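Have a look at the structure below, then the notes.
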Amino acid sequence: MVTAVDMTPLDTAAIRAQFPILEREVHGNPLVYLDNAATTQKPQAVIDSLTSYYSTMNANIHRGLHTLAEEATAAYEGVRQQVAELIGAASHREVVFTRNTTESLNLLAYTLGARLQPGDEIVLSAAEHHSNLVPWQLVAQRTGAVLRFIELNDDQQIDVDTARAAITPNARIVSVVHISNVLGSITPIAEISQMAREVGASMIVDAAQSAPHIAVDVDDLGVDFMAFSSHKMLGPTGVGVLWGRRELLADLDPFLGGGEMISVVTREESSWAALPHKFEAGTPNIADVIAFGAAIQFLNAVGMDAVAAHDADLTAYAVERMSRLEGLDIYGPADPSERSAVVAFNYRDIHSHDIATILDRSGIAVRAGHHCAQPLMRTLGVPATARASFYLYNERSEVDALIDGLLEAGERFGFDRGA
Ligand code: C6P
C-alpha cells in the first residue's frame, strides 16, 4: 500500500496546460518527462517572451541611447533584480549572468583559484558534478593546491561529521553541491558554511539542483558564492547565475576581458566597470536572460514552497513504489524526506542504457549513465545508473507509468512481471 500522503497543493492539470511540449507523443505514447534534473521544459510564457523580445525589442544593451536599446536594457536589468529577490541577495549588483552553472564555477576557480599557494586546500565532496570538480583540478595543477573530499556517510549523504573531517585549517576554498544530481541528498550547507568561516575559507555552493526545487536564501545558507542555471528552472538554456557577496566579488580580478566589462581603456591598460558588469564581457545572452525572468515569474506565482512540497510528495511516492520492485536498487538517503526530486536506480542487472531505451519506447524520458559524476559512481561501486527526476508538472500517474515501464523492461529480460 502506498502511504505517502497526497498533500500536493498544486493544480498540476492547470500547470501542465501551460507547457505545450507535454501534449506531444513519443513513439505513439503520451510523453512522460522524468529528466528534469538534466533540463526542465518551458512554459508558454517563457516561449512567448523569446518571441516577443525578438519581435518587438531586439537591440544590444547598455550601449545604445535609442528606445529599443533602453527597453532591452531595462528588461535585462530587471531580471537581475528578480534573481536577487529570488535568492535573498542584498543587491542586484551581486548577480552576475553567465552561460550556465559550469561557467559560474569556472569563473570562481579561475579568479579565486589564482590566489592559492602550494599546500592550500580546496575542499569538495564525493558527490560533485564534474563542473564542480574539473575546474578545481585545473587550479590544483596550476597552483600546487591540494584537493580534499568530504566523504558520504553510511546513508550516502554529506553530513556535518564527514564535512568536519575534511575541513582543516589549511582549507582556503570549500565548494560543495547543495542537492546531488544523483543521490538527491540535501547537503547541510549552513553548517558547512560555518565550518568554512571558522577556518577563513571561501564558501561556494553549487545550487544547480537546489535553486529550481527549494527556496534558497544566500543569507540563511551563509555562503559567499552560489551558482545555478536557468534551464533547470523553466528558463532557457545559455543563462547561468553567479551570485557573490558584493565585497568579495569586488575584490576578484575579471574572468574574461573585452567590451562591457571596462571603465577606461588605454593602449597599455584598462580599469574595470562596476559590479556586476566587470564579469560580463561582450554582448550577453539578452533574449534568454529576459525569458529567464518569465520563468522566475512563473515559479514565484506557483510559490517555491509549493514546488518543494509537490516535489517531496512525488519523490516519496516514487521511492515507495520503486522500492517494492524486486531487484531494484535506489541510491541516496533511505528516508525519502531527506532527498529532493531525484531518484537514481539500477534494476535487476539490466544496463541503465537498456532501461532508458526501453522506457523511451513507452514515451518515458529518464536519464542513464554516469550523470557527469564519475567519481561518485566509483564511490557507489556502479558504472552507471538510471535516473528519474521530477518537477512541478509531473503527476503520480507518471510515476505509475514508470513502474509499468520498468516491469515491462524486466519482462523483456526474462523476469516474471509479478515477481
Ligand atoms: N546536471 C544532469 O543531468 P550546467 O550544465 O552548467 O547547466 O549544470 C552543471 C551542473 C552542475 N551541478 C549539478 C549538481 C548539476 O546537476 C549540473 C547539471 C545535469 O544531472 C546535466 S549533466
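None of the values given here were measured: they were computed from a predicted structure. Counting starts at 1 for both ligands and their atoms, following the listed order.
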Exercise. Between Arg245 and Asp219, is there a side-chain N and carboxylate O pair less than 4.0 Å apart?
Worked result: yes

For this session: Please work out whether any backbone atom (N, CA, C, O) or any side-chain heavy atom from C-beta onward of Arg367 is under 4.0 Å from ligand 1, and answer side chain, backbone, both or neither.
Result: side chain

For this session: Answer with yes or no after comparing the ring centroid distance for His370 and His130 against a 6.0 Å cut-off, counting only values under it.
Result: yes

Exercise. With a 4.0 Å cut-off, would you call Asp313 and Arg396 a salt bridge?
Worked result: yes

Exercise. Short list, please: which atoms of ligand 1 are under 4.0 Å from a heavy atom of Thr102?
Worked result: 4 (P), 5 (O), 6 (O), 9 (C)

Exercise. Between Gln194 and Glu198, do the side chains contain an N or O donor and an N or O acceptor separated by less than 3.5 Å?
Worked result: yes

For this session: May I ask you to identify, for Asp206, whether its side chain, its backbone, both or neither come under 4.0 Å of ligand 1 on a heavy-atom basis?
Result: side chain

Problem set entry | Arg387, portion touching ligand 1 at heavy-atom distance under 4.0 Å | side chain

Exercise. Which heavy atom of the protein is the closest neighbour of atom 1 (N) of ligand 1, given with residue, atom name and distance?
Worked result: Lys232 NZ, 3.0 Å

Exercise. So Phe298 and Phe19, would you call those rings parallel, tilted or perpendicular, with 30° and 60° as cut-offs?
Worked result: perpendicular

Exercise. Can you tell which part of Ala38 has a heavy atom less than 4.0 Å from ligand 1: side chain, backbone, both or neither?
Worked result: both

For this session: For atom 15 (C) of ligand 1, grab the closest protein heavy atom and report residue, atom and distance to one decimal in Å.
Result: His129 CD2, 3.4 Å

Exercise. Just heavy atoms, cut-off under 4.0 Å: does Val177 contact ligand 1 by side chain, backbone, both, or neither?
Worked result: side chain

Problem set entry | Test salt bridge (charged side-chain N to carboxylate O under 4.0 Å, His left out) applied to Arg115 and Asp251, step by step | CA-CA 12 Å; Arg115 301 174 171 184; Asp251 194 37; 3.3 Å; yes

Exercise. Is there a heavy atom in His178 that sits closer than 4.0 Å to ligand 1?
Worked result: no

Problem set entry | Flag side-chain contact, heavy atom, 4.5 Å: Leu249 against Phe225 | yes

Exercise. By number and element, which atoms of ligand 1 are closer than 4.0 Å to a non-hydrogen atom of Ser131?
Worked result: 9 (C), 10 (C), 11 (C), 12 (N)

For this session: Give the atoms of ligand 1, by number and element, whose distance to some non-hydrogen atom of Cys372 is under 4.0 Å.
Result: 22 (S)

Exercise. Hey, which atoms in ligand 1 end up nearer than 4.0 Å to a heavy atom of Gln209?
Worked result: 1 (N), 14 (C), 15 (C), 16 (O), 20 (O)

Problem set entry | Parallel, tilted or perpendicular: ring planes of Tyr391 versus Tyr393, cut at 30 and 60 degrees | perpendicular

